[in-house]
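What follows is a short report on a single structure.
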Protein chains: 2
Amino acid sequence: MTPAKDAPPIATALSSEDAPDLNIIELLFFAYRDFTADPDLILEKIGFGRAHHRVLYFINRKPGMTVAELLDVLKITKQSLARVLKQLIDTEHVVQVTGPRDRRQRELYPTLKGRELALALARPQSRRIAQALRESGPENRAAIENFLQAMVNPAQRGQVDSSPAAG
Amino acid sequence: MTPAKDAPPIATALSSEDAPDLNIIELLFFAYRDFTADPDLILEKIGFGRAHHRVLYFINRKPGMTVAELLDVLKITKQSLARVLKQLIDTEHVVQVTGPRDRRQRELYPTLKGRELALALARPQSRRIAQALRESGPENRAAIENFLQAMVNPAQRGQVDSSPAAG
DNA sequence: AAAAATATGTCAGTCTTGTTGACTTATTTT
DNA sequence: AAAATAAGTCAACAAGACTGACATATTTTT
């Protein structure tokens, strides 16, 4: 019996002719990687991770969110959220307030400390975006926003705040 | 001694007035989440994760890459790569070829199976991008590519294939 | 009033994907 | 012959996701 041959290697590069918009696929990967690397540096120093960032971000964006609303936006499980939320509460970045109408609910609010951290994390991202808009032509802002908006699943577009800057 | 008061909650929402381009920060988060969710569904069925996707993608994009080059692009450690690469080789999605000039090197190539998986993973992403371009105006393609390119750290821009589609 | 549903919290265990440090082997360069 | 390089491997660890099960307080339904 002859030994099975290995499958032969393919030497031709995958290109946009094989899959349309391959360059945009690739750009999204690199752009997002570098975009998240900035706040990661700050988070690392205080023992937090990207998960803390996301939770803190949305609590700042919509103060008074309940736990259930937050789970829906983040699309993670209660147990995954619990750990990071507990840490954010223990470190006094976030406080819980019993729901005024429904006392089962816990409304989540940032403290001043939590607000300041959220701003510090947003700063390098804002800078990167502003710089990229300058380089690529500020007149394209609306086009870029529309494109990104259209990349989001229609069902979730309502969750995104798409008001124009300083509206 | 009076008990320490909890830090008071902040009820005002963080907005683009506090940090410029907050809506773009948010759009990037949602857009990238949904963009990666499509291939994740396919990967899950065959027991692979996002890490396999990235490795397979770059090996298809630049067949003949060495392990060192791949590590440089992905910015992960050799040990992190080893596990997923081994699985891709064991499942015959990728083959290694001893470097022709330097026999210490291992050139990485996709097999037909690996090429087909890479294409299957790219397909829903291509579809989403094409749809988003249609919705937001195909004339803005160049502007969007330029913006994403400008979001990448200058040092890494050379790694990105930015040739226009089907160039 | 009792039962069911809901919102949240928690315990215990698992998986993927990343990490570090140390070491081996083969090969090339000095 | 010695040093440097490319790759592979072992062991241990951590973050951040997961599942399933269950507890508690509260509200809604019957």
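Chain letters run A, B, ... following the sequence lines, proteins first, then strands; residues in each count from 1.
Residue A:Leu112 belongs to a hydrophobic cluster whose other members are B:Ile10, with links defined by side-chain heavy atoms closer than 4.5 Å.
Comparing B:Gln79 and B:Thr66 along DNA chain D, the residue whose closest nucleotide (by nearest heavy atom) sits nearer the 5' end is B:Thr66.
Qualifying side-chain contact (heavy atoms from CB on, under 4.5 Å) partners for B:Pro63, counting only residues two or more places apart in sequence or in other chains: A:Ala13, B:Tyr109, B:Pro110, B:Arg115. For B:Ala150, the side-chain contact (heavy atoms from CB on, under 4.5 Å) partners at least two apart in sequence or on another chain are A:Ala132, A:Glu135.
Distances shown here put every side-chain N or O of A:Ser80 at or beyond 4.0 Å from the OP1 or OP2 atom of D:dG16.
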Let me have a per-nucleotide readout for nucleotides 23-30 of chain C, 5' to 3', with B, S or -, counting only protein heavy atoms under 4.0 Å.
---BBS--

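Residues A:Phe30 and A:Phe35 keep their aromatic ring centres 6.0 Å or farther apart.
Considering only heavy atoms from C-beta on, B:Tyr32 comes within 4.5 Å of B:Thr36 through its side chain.
Using modelled atom types and a 3.5 Å distance limit, the side chains of B:Arg134 and B:Gln131 yield a donor-acceptor pair.
In this structure, A:Gln87 reaches neither bases nor backbone, as no heavy-atom distance under 4.0 Å exists between it and the strands shown.
For residues 66-89 of chain B, the salt bridge (Lys or Arg N to Asp or Glu O under 4.0 Å) pairs, not counting sequence neighbours, are B:Lys86-B:Asp90.
Scanning residues 42-54 of chain A for heavy-atom distances under 4.0 Å to DNA chain D yields A:Gly49, A:Arg50, A:Ala51, A:His52, A:Arg54.
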